[in-house]
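Both backbone and side-chain heavy atoms feed into the values below; hydrogens, waters and symmetry mates do not.
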Amino acid sequence: AAQFAAAALARLFMRFVWSLGMMEPHLGALPQGCGNPMQTTEAQAFCIELLFSVVFQLTVLRAERVNPKYKVHLIALLITMLVYAGGNLTGAVFNPALAFSLHPNCFYDKFLSYSLVYWIAPSLGKFLTLLV
């Protein structure tokens with residue numbers, strides 16, 4: 001519920017900021033339809049999001065024992081590496097709110113496949129982490 005609320009608020013805020021037209025790419029971004037962020041098959045995108053969610057959650061749990069001044073840098077490095085490794089394939093990388101707020105029209109057109117990749121895979125990854 002928190003992820004969905006954040007996604008809805010991010011979408012509203014993003015539309016407001018882009019409507020200001022501060023940058024040229026923002027002017028054409030609002031009327032665009034679905035720009036498919038998945039550059040791979042749905043099964044591979046599901047596996048990527050699931051795997052990255054598990055890796056992220058396990059690292060966060062392991063980082064609890066790390067000195068706090070190094071913890072932030074460790075998590076930032078991990079996120080950077082995961083986005084670099086899979087961001088070009090799935091476009092969201094274990095963040096359902098980001099996927100929904102950036103690609104809402106895609107969710108309307110392909111709700112089931114996008115829900116599987118961007119909502120169920122990260123959630124399942126979190127639950128798998130709890131089992132581990």
Side-chain angles (χ1 to χ4, degrees):
Q3 285 281 340
F4 183 74
L9 288 174
R11 184 172 171 212
L12 289 173
F13 184 72
M14 179 189 68
R15 290 185 68 83
F16 168 72
V17 170
W18 285 9
S19 69
L20 297 174
M22 293 185 284
M23 296 183 68
E24 188 176 325
H26 291 170
L27 296 174
L30 289 176
Q32 287 180 358
C34 174
N36 190 359
M38 281 194 278
Q39 303 302 317
T40 185
T41 65
E42 291 174 16
Q44 287 177 336
F46 179 86
C47 291
I48 290 168
E49 292 287 325
L50 177 70
L51 175 67
F52 286 2
S53 177
V54 169
V55 169
F56 178 75
Q57 294 296 330
L58 287 175
T59 304
V60 167
L61 288 174
R62 184 73 176 157
E64 288 179 3
R65 299 182 198 133
V66 175
N67 186 336
K69 69 179 182 180
Y70 300 122
K71 184 178 179 178
V72 172
H73 303 293
L74 176 68
I75 300 299
L77 176 64
L78 174 66
I79 291 172
T80 302
M81 290 186 333
L82 292 176
V83 169
Y84 183 76
N88 63 329
L89 297 174
T90 65
V93 184
F94 61 86
N95 190 337
L98 179 64
F100 184 74
S101 64
L102 290 178
H103 309 290
N105 294 332
C106 299
F107 272 92
Y108 300 139
D109 296 340
K110 303 175 183 177
F111 183 77
L112 181 60
S113 64
Y114 275 56
S115 294
L116 282 171
V117 172
Y118 295 120
W119 291 83
I120 295 173
S123 299
L124 185 60
K126 174 66 175 176
F127 291 121
L128 287 175
T129 302
L130 292 174
L131 290 175
V132 171

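- The hydrophobic cluster containing Leu78 does not contain Val66, counting ILVMFWY residues as joined when their side-chain heavy atoms lie under 4.5 angstrom apart, directly or transitively.
- Within the model, atoms CG of Leu9 and CZ of Phe13 stand 10.5 Å from one another, a figure rounded to the nearest 0.5 Å.
- Checking Val117, Asn88, Leu89 one by one against Thr40, the side chain to side chain contact (heavy atoms under 4.5 Å, CB included) holds for a single residue, Leu89.
- With Ile79 as the fixed residue, the side chain to side chain contact (heavy atoms under 4.5 Å, CB included) test singles out one of Tyr84, Phe52, Phe56: Phe56.
- A 4.5 Å side-chain heavy-atom check between Leu51 and Phe46 finds every atom pair outside the cut-off.
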Subject >> Steps toward side chain to side chain contact (heavy atoms under 4.5 Å, CB included) verdict (Leu128, Leu50) >> reply: CA-CA 9 Å; Leu128 287 175; Leu50 177 70; 3.9 Å; yes
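- For the atom pair CD1 of Ile120 and OG of Ser113, the computed distance is 10.5 Å after rounding to the nearest 0.5 Å.
- With rounding to the nearest 0.5 angstrom, the CZ atom of Arg62 is 11.0 Å from the CG atom of Leu74.
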Subject >> Evaluation steps, side chain to side chain contact (heavy atoms under 4.5 Å, CB included), between Met81 and Leu77 >> reply: CA-CA 6 Å; Met81 290 186 333; Leu77 176 64; 4.2 Å; yes
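- The closest donor-acceptor contact from the side chain of Tyr118 to the backbone of Thr90 lies under 3.5 Å.
- Heavy atoms only, all atoms of each residue included: Glu64 and Lys71 are closest at CA-NZ, 4.2 Å.
- For the atom pair OG of Ser123 and CD of Glu49, the computed distance is 11.0 Å after rounding to the nearest 0.5 Å.
- Summarising the geometry, atom CG belonging to Leu82 is positioned 7.5 Å from atom OG1 belonging to Thr59; distances are rounded to the nearest 0.5 Å.
- With hydrophobic clusters built from ILVMFWY side chains whose heavy atoms lie under 4.5 angstrom apart, Val132 shares a cluster with Val54.
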